[in-house]
**Student:** 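Below is the structure I would like to discuss, written out as structure tokens.
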Amino acid sequence: MTTLATPPPELTAPTGADAPGKHTRRFGLPVATALVMGNIIGGGIFLLPASVAPFGTISLVAFGVLTLGAIALALVFGRLAEKHPRTGGPYVYAREAFGDFAGFLAAWSYWITTWVSNAALAVAAVGYLDVLLPVHGSLAATITAALVLQWLPALANLAGTRYVGAVQLVSTVLKFAPLLLVAVGGLFFFDASNLGPFQASDQGPFGAISASAAILLFSYLGVESAAVSAGEVRDPRRNVGRATILGTLGAAFIYLLGTLAVFGTVAHDKLVGSTAPFSDAVNAMFGGSWGGTAVACAALVSMTGALNGWTLLSAQTPYAAAKDGLFPAVFATKRRGVPTVGVLVTAVLASLLTVYNYTAGSEGVFEILVLVTTFTATVPYLLSTAAQIYFLASGQSARVSRPRLLRDAILAALAFGFSMWLVAGSGYAAVYQGVLFLFAGVLVYAWIAARKTRRQTA
């Protein structure tokens with residue numbers, strides 16, 4: 001006679017505050033795919049062509065390499081999610097492989113990535129809002145606009161997962177028409193004279209590719225979205241992996257064509273200083289300003305959708321860690337299917353960071369925030385790929401697929417090497433700031449671990 005093992009809490013029927021209600025709904029494959037694509041295609045695609053233009057068209061090579069690395073990373077996350085279909089994503093994989101401290105570092109780094117990304121997305125969104133309503137002439141108006149763009153998605157999240165999924169699906173659909181217009185239509189207006197120099201910076205080819213790839217990584221943050229929210233996805237063993245791959249491939253197609261089209265329709269000198277490169281591309285294609293205005297509207301919809309999805313993710317990882325006693329217990333508070341405290345804390349921190357960067361008078365606010373997230377994002381990526389290598393090398397039959405052992409090992413090694421390359425390319429300043437954020441988490445872990453030990457020995 002055989003007995004069935006008790007499933008983990010995330011796979012059993014939720015109770016209490018986690019129980020499904022009229023405001024709670026689990027995501028199917030279409031919404032999970034939209035979550036991945038919506039989080040990947042957020043502010044990145046609309047602003048990053050201008051951010052990497054100073055490196056020259058060599059940045060297109062970086063985009064190609066980055067796409068291959070992102071696909072390898074997506075495949076690794078898909079395989080991990082099949083064996084660990086729980087809310088938390090990288091946190092879950094790191095903790096299962098290496099213990100509580102590694103799990104905490106993954107959760108802490110990913111949490112930093114999410115709220116810093118929210119601040120960066122809001123900054124990017126204001127650039128397109130300025131096309132519709134001139135706000136950059138006033139610092140107070142600029143800051144107010146950025147804060148409003150952050151808090152509207154936070155309020156949608158507090159309304160419940162039912163509304164999060166609806167907003168994500170609608171915003172993902174609405175953004176595709178203008179993106180395809182530029183990505184495909186722009187090729188018919190392509191002018192090679194707009195491309196500028198192949199290598200515009202004084203760095204060597206490898207340095208230029210690595211540096212531009214570090215900025216471009218922000219455009220691919222989100223490949224892990226379905227894995228992080230696995231507990232909210234129906235049939236996660238089946239749908240998380242599929243949503244991850246489909247969402248990443250769809251985003252990669254739009255990214256590569258769109259970036260190439262912008263480079264070929266906007267003169268290089270103008271692109272370097274652009275705050276709305278896709279609007280400039282449409283204006284160059286059709287003349288006048290109506291096309292750019294329409295794209296600006298689509299960009300705002302896209303970024304609002306991305307902020308909506310990232311706000312959900314920013315609360316999911318601390319929620320999973322808090323359930324295991326590795327984050328303050330208040331982060332485990334959940335209402336209407338959403339970890340409400342995580343949403344609120346994230347919105348407040350992102351708001352403070354946005355205000356600080358604007359009032360400090362920093363040049364290139366978007367690029368500064370992007371490079372910080374590049375480093376903090378690679379920590380959970382490195383730990384996740386290392387966990388997959390550990391599961392494969394240790395021969396744990398419950399966590400690996402023997403028929404696909406060699407392929408999974410090659411993918412995990414490529415994804416790990418890719419993540420290390422991104423750390424190297426993010427630059428000294430980003431690594432310096434990122435390490436400070438990371439080491440601050442060590443102190444937090446020491447405090448939480450001490451409280452946990454004291455409760456256990458009391």
**Student:** Considering residues at least two apart in sequence or located in another chain, which fulfil the ring-ring contact (aromatic ring centres under 6.0 Å, His included) criterion with Phe98?
**Tutor:**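 ring-ring contact (aromatic ring centres under 6.0 Å, His included) check on Phe98 returns Tyr390.
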
**Student:** Is there a side-chain contact between Leu383 and Tyr93 in this structure, where contact means two heavy atoms from C-beta onward sitting under 4.5 Å apart?
**Tutor:**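 The answer is no, as the side chains (C-beta and beyond) never meet within the 4.5 Å cut-off.
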
**Student:** Ignoring hydrogens, what is the shortest heavy-atom contact between Leu60 and Thr259? Give both atom names and the distance.
**Tutor:**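 For Leu60 versus Thr259, the nearest heavy atoms are CD2-CG2, 3.7 Å.
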
**Student:** Is the closest side-chain heavy-atom distance between Phe101 and Val442 below 4.5 Å?
**Tutor:**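 Yes - at least one pair of side-chain heavy atoms lies under 4.5 Å apart.
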
**Student:** Roughly how far, to the nearest 0.5 Å, is the OG1 atom of Thr113 from the CZ atom of Phe375?
**Tutor:**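 The CZ atom of Phe375 sits 10.0 Å away from the OG1 atom of Thr113.
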
**Student:** Using side-chain contact (heavy atoms from CB on, under 4.5 Å) as the criterion, point out the one residue from Thr354, Leu349, Leu353, Thr376 that pairs with Val116.
**Tutor:**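 With Val116 as partner, Thr354, Leu349, Leu353, Thr376 yield a single side-chain contact (heavy atoms from CB on, under 4.5 Å), made by Leu353.
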
**Student:** To the nearest 0.5 Å, how far apart are CZ in Phe253 and OG1 in Thr67?
**Tutor:**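 Atom-to-atom, Phe253:CZ and Thr67:OG1 are 12.5 Å apart.
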
**Student:** Restricting to non-hydrogen atoms, name the atom on Ala415 and the atom on Leu73 that form the minimum distance, rounded to 0.1 Å.
**Tutor:**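 What the structure gives for the nearest pair is CB-CD1, 3.9 Å.
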
**Student:** Shortest non-hydrogen contact from Leu382 to Ser419?
**Tutor:**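 Of all heavy-atom pairs spanning Leu382 and Ser419, the closest is CD2-CB, 3.5 Å.
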
**Student:** Measure up the Tyr381 and Phe77 rings against each other and bin them: parallel (under 30°), tilted (30 to 60°), perpendicular (over 60°).
**Tutor:**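 Perpendicular.
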
**Student:** Side chains of Phe418 and Leu66, heavy atoms from C-beta outward: is any pair under 4.5 Å?
**Tutor:**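 A side-chain contact exists here, since the closest heavy-atom pair is under 4.5 Å.
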
**Student:** Which atom pair, heavy atoms only, marks the closest approach of Tyr91 to Ala107?
**Tutor:**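 So the minimum-distance heavy-atom pair works out to CD1-CB, 3.8 Å.
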
**Student:** For side-chain contact (heavy atoms from CB on, under 4.5 Å), just list the numbers for Leu80 and Phe391, CA-CA rounded to whole Å, side-chain angles, deciding distance to a tenth of an Å, and then say yes or no.
**Tutor:** CA-CA 10 Å; Leu80 285 166; Phe391 294 143; 4.0 Å; yes

**Student:** How far does CD1 of Ile71 sit from OG1 of Thr244, to the nearest 0.5 angstrom?
**Tutor:**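 Here the rounded value is 12.5 Å.
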
**Student:** Grab the two heavy atoms, one from Asn118 and one from Thr346, that are nearest each other, plus how far apart they are.
**Tutor:**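 Residues Asn118 and Thr346, closest heavy atoms: ND2-CG2, 3.9 Å.
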
**Student:** Testing the basics here: between Ala154 and Thr311, what is the closest heavy-atom pair and its distance to 0.1 Å?
**Tutor:**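 Heavy-atom minimum between the residues: CA-CG2, 4.1 Å.
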
**Student:** Parallel, tilted or perpendicular: which fits the ring planes of Tyr445 and Phe104, with parallel below 30° and perpendicular above 60°?
**Tutor:**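 Tilted.
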
**Student:** As a quick check of understanding, evaluate ring pair (Phe, Tyr, Trp, His ring centres under 6.0 Å) for Trp111 and Phe331, giving each step before the final call.
**Tutor:** CA-CA 12 Å; Trp111 183 53; Phe331 282 90; 5.8 Å; yes

**Student:** Are Phe416 and Val76 close enough that some pair of their side-chain heavy atoms sits under 4.5 Å apart?
**Tutor:**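 Phe416 does not reach Val76 side chain to side chain.
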
**Student:** Can you tell me how far the CG atom of Leu411 sits from the CG atom of Leu406, to the nearest 0.5 Å?
**Tutor:**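 The distance works out to 9.5 Å.
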
**Student:** Please confirm whether the backbone N or O of Phe437 pairs with a side-chain atom of Trp108, one donor and one acceptor, at under 3.5 Å?
**Tutor:**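 Here the side-chain-to-backbone pair exists.
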
**Student:** Just verifying a value: how many Å separate Leu147 CG and Leu352 CG, rounded to the nearest 0.5 Å?
**Tutor:**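 These two atoms lie 9.0 Å from each other.
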
**Student:** Rounded to the nearest 0.5 Å, what's the gap from CG on Leu105 to CZ on Phe439? Could you check?
**Tutor:**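 CZ of Phe439 is found 9.5 Å from CG of Leu105.
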
